[in-house]
Amino acid sequence: MAKQTPAARVGEYEIMGLLGDGGQGKVCKALCVGDRPGVARNEIVALKIINLAAEPGDGNASFLQQADFLRSVSHPSIVRYRDSFCWAG
């Protein structure tokens, strides 16, 4: 029987696969395996991972601005915002 490689983790999320990849980062399908505010355990989410090296200036500030904006948006054609965090891994 072949040994399975453990799934990659980012914070409380287990990466299940890549959904898209671009110059600023990637979007992955992920499973919430821990306790995060606004996200149910075992919920499948789209996880946006920013490449801070590709962000001009303070990439963290830009990411947090996007998160603040997404919190205020509610539309059936736009993915619902759930969570944001900075992770060094």
Side-chain angles (χ1 to χ4, degrees):
M1 182 179 202
K3 187 175 180 180
Q4 284 190 324
T5 304
R9 280 189 65 165
V10 175
E12 299 295 330
Y13 297 94
E14 188 174 285
I15 305 299
M16 300 172 72
L18 182 66
L19 297 174
D21 197 359
Q24 293 184 325
K26 57 183 83 175
V27 177
C28 297
K29 180 178 180 180
L31 177 70
C32 183
V33 294
D35 296 316
R36 295 297 300 175
V39 183
R41 185 181 292 262
N42 296 321
E43 182 174 1
I44 295 174
V45 299
L47 184 65
K48 183 176 182 180
I49 302 171
I50 305 293
N51 177 0
L52 292 178
E55 290 287 318
D58 185 3
N60 282 343
S62 174
F63 173 72
L64 295 173
Q65 265 186 324
Q66 287 181 32
D68 284 342
F69 172 74
L70 289 172
R71 275 187 199 95
S72 68
V73 175
S74 177
H75 189 277
S77 296
I78 298 175
V79 172
R80 185 169 50 136
Y81 168 85
R82 293 296 187 89
D83 188 15
S84 62
F85 60 95
C86 294
W87 174 75

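The shortest side-chain heavy-atom distance between Glu12 and Asp35 does not fall under the 4.5 Å cut-off.
Hydrophobic clustering of Ile, Leu, Val, Met, Phe, Trp and Tyr side chains at less than 4.5 Å, counting indirect connections, keeps Leu18 apart from Ile49. By the criterion of side-chain heavy atoms lying less than 4.5 angstrom apart, applied directly or through intervening Ile, Leu, Val, Met, Phe, Trp or Tyr residues, Val27 is not grouped with Ile15; the two fall into different hydrophobic clusters. Residues Val10 and Leu19 fall into different hydrophobic clusters, defined by Ile, Leu, Val, Met, Phe, Trp and Tyr side chains chained together at heavy-atom separations under 4.5 Å.
Taking every heavy atom of both residues into account, Ala40 and Cys32 meet most closely at O-CB, 3.6 Å.
The closest donor-acceptor contact from the side chain of Arg41 to the backbone of Val33 lies under 3.5 Å.
Rounding to the nearest 0.5 Å gives a distance of 15.5 Å between NZ of Lys29 and OH of Tyr13. Interatomic distance, Leu47 CG to Leu31 CG, rounded to the nearest 0.5 Å: 11.5 Å.
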